[in-house]
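First up is the structure itself, then whatever we jot down about it.
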Amino acid sequence: MSKNNIELSLFGQVLRLYCPPEQQDFLLASAKRLEERVATLKEQSGIIQLEKVLSIVALNLNYELEQEQRKNVENKNVLMSCVQQLDSSLAKFQSSELDEVIIEQENTKK
């Protein structure tokens, strides 16, 4: 097995996956968290069929992902607005400084 492949056990099945070495620990941890979520849902819901539990977990994970994506878009918009306000403030400040320099230069000429 190459160093870019990883073997992990998930729900009793051995999976061989391509995964760069620097990401393998993250993938293993993710697989562990997935198994924990499935076990928790099985326990809480009483659903025994793995396929149904996996479908619900997949739906929950997708919902959480979409929520985070919406938050990221909102955060990006807030940051862009802040940057625009800073740019505007900086432009006003630079403009007022330039006006002061011009006035000082005119006063020294007199």
Side-chain angles (χ1 to χ4, degrees):
M1 189 163 60
S2 105
K3 67 178 180 178
N4 286 329
N5 291 327
I6 187 171
E7 188 174 286
L8 59 91
S9 177
L10 192 60
F11 310 114
Q13 295 183 353
V14 175
L15 302 174
R16 289 174 188 81
L17 306 169
Y18 170 83
C19 183
E22 65 275 6
Q23 296 177 9
Q24 290 180 3
D25 288 339
F26 297 114
L27 183 61
L28 290 169
S30 184
K32 182 179 179 188
R33 285 191 306 275
L34 179 60
E35 283 196 319
E36 289 169 354
R37 285 184 81 144
V38 167
T40 300
L41 183 60
K42 273 179 138 179
E43 185 179 306
Q44 290 175 348
S45 68
I47 299 172
I48 302 170
Q49 298 136 328
L50 180 60
E51 192 173 294
K52 283 187 179 182
V53 174
L54 287 173
S55 296
I56 294 168
V57 169
L59 182 60
N60 287 340
L61 287 170
N62 191 65
Y63 176 76
E64 291 170 17
L65 175 63
E66 288 177 355
Q67 276 187 315
E68 291 302 316
Q69 288 172 334
R70 279 191 293 277
K71 285 181 195 175
N72 285 341
V73 168
E74 289 172 13
N75 289 339
K76 179 183 174 187
N77 291 339
V78 167
L79 288 173
M80 292 296 288
S81 175
C82 289
V83 167
Q84 288 171 348
Q85 288 176 354
L86 285 171
D87 281 345
S88 174
S89 296
L90 182 59
K92 287 178 185 175
F93 177 73
Q94 288 173 332
S95 174
S96 68
E97 265 191 349
L98 184 60
D99 289 344
E100 287 177 19
V101 168
I102 292 172
I103 291 171
E104 284 178 17
Q105 287 175 349
E106 288 177 355
N107 288 338
T108 58
K109 287 181 184 177
K110 291 181 183 179

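Keep in mind that what you see is a predicted model, and the values were worked out from it rather than measured.
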Please report the shortest heavy-atom distance between Y18 and N5, naming the atom on each side. CA-OD1, 3.5 Å
Look at atom CG of L79 and say whether more than 12 heavy atoms of other residues, nucleotides or ligands are closer to it than 6.0 Å. yes
Any side-chain heavy-atom pair from L90 and L86 closer than 4.5 angstrom? no
Which one of N4, L10, L27 satisfies the side chain to side chain contact (heavy atoms under 4.5 Å, CB included) criterion with L17? L27
Working to the nearest 0.5 Å, report the span between CG of L54 and NZ of K42. 8.5 Å
Approximate separation, where rounding is to 0.5 Å, of N60 CG and S55 OG: 11.0 Å
Backbone N or O of C19 within a donor-acceptor pair of the Q24 side chain at under 3.5 Å? yes
In chain order, what residues pass the side-chain contact (heavy atoms from CB on, under 4.5 Å) check against Q84, with sequence neighbours excluded? none
Quick note, side-chain hydrogen bond (donor to acceptor under 3.5 Å, both in side chains) partners involving residues 68-79, not counting sequence neighbours, are E68-K71
Quick one: pull up CG in L41 and NZ in K52 and give me the separation to the nearest 0.5 Å. 12.0 Å
CG of L28 to CD1 of I6: how many Å apart, nearest 0.5 Å? 3.5 Å
Are side-chain heavy atoms of L65 and L61 found at a separation under 4.5 Å? no
Pairs satisfying side-chain hydrogen bond (donor to acceptor under 3.5 Å, both in side chains), at least one member in residues 28-37, at least two apart: R37-E64
Does atom CD of E51 have more than 12 heavy-atom neighbours, drawn from other residues, nucleotides or ligands, at distances under 6.0 Å? no
Rounded to the nearest 0.5 Å, how far apart are CD1 of I56 and CD of Q44? 11.0 Å
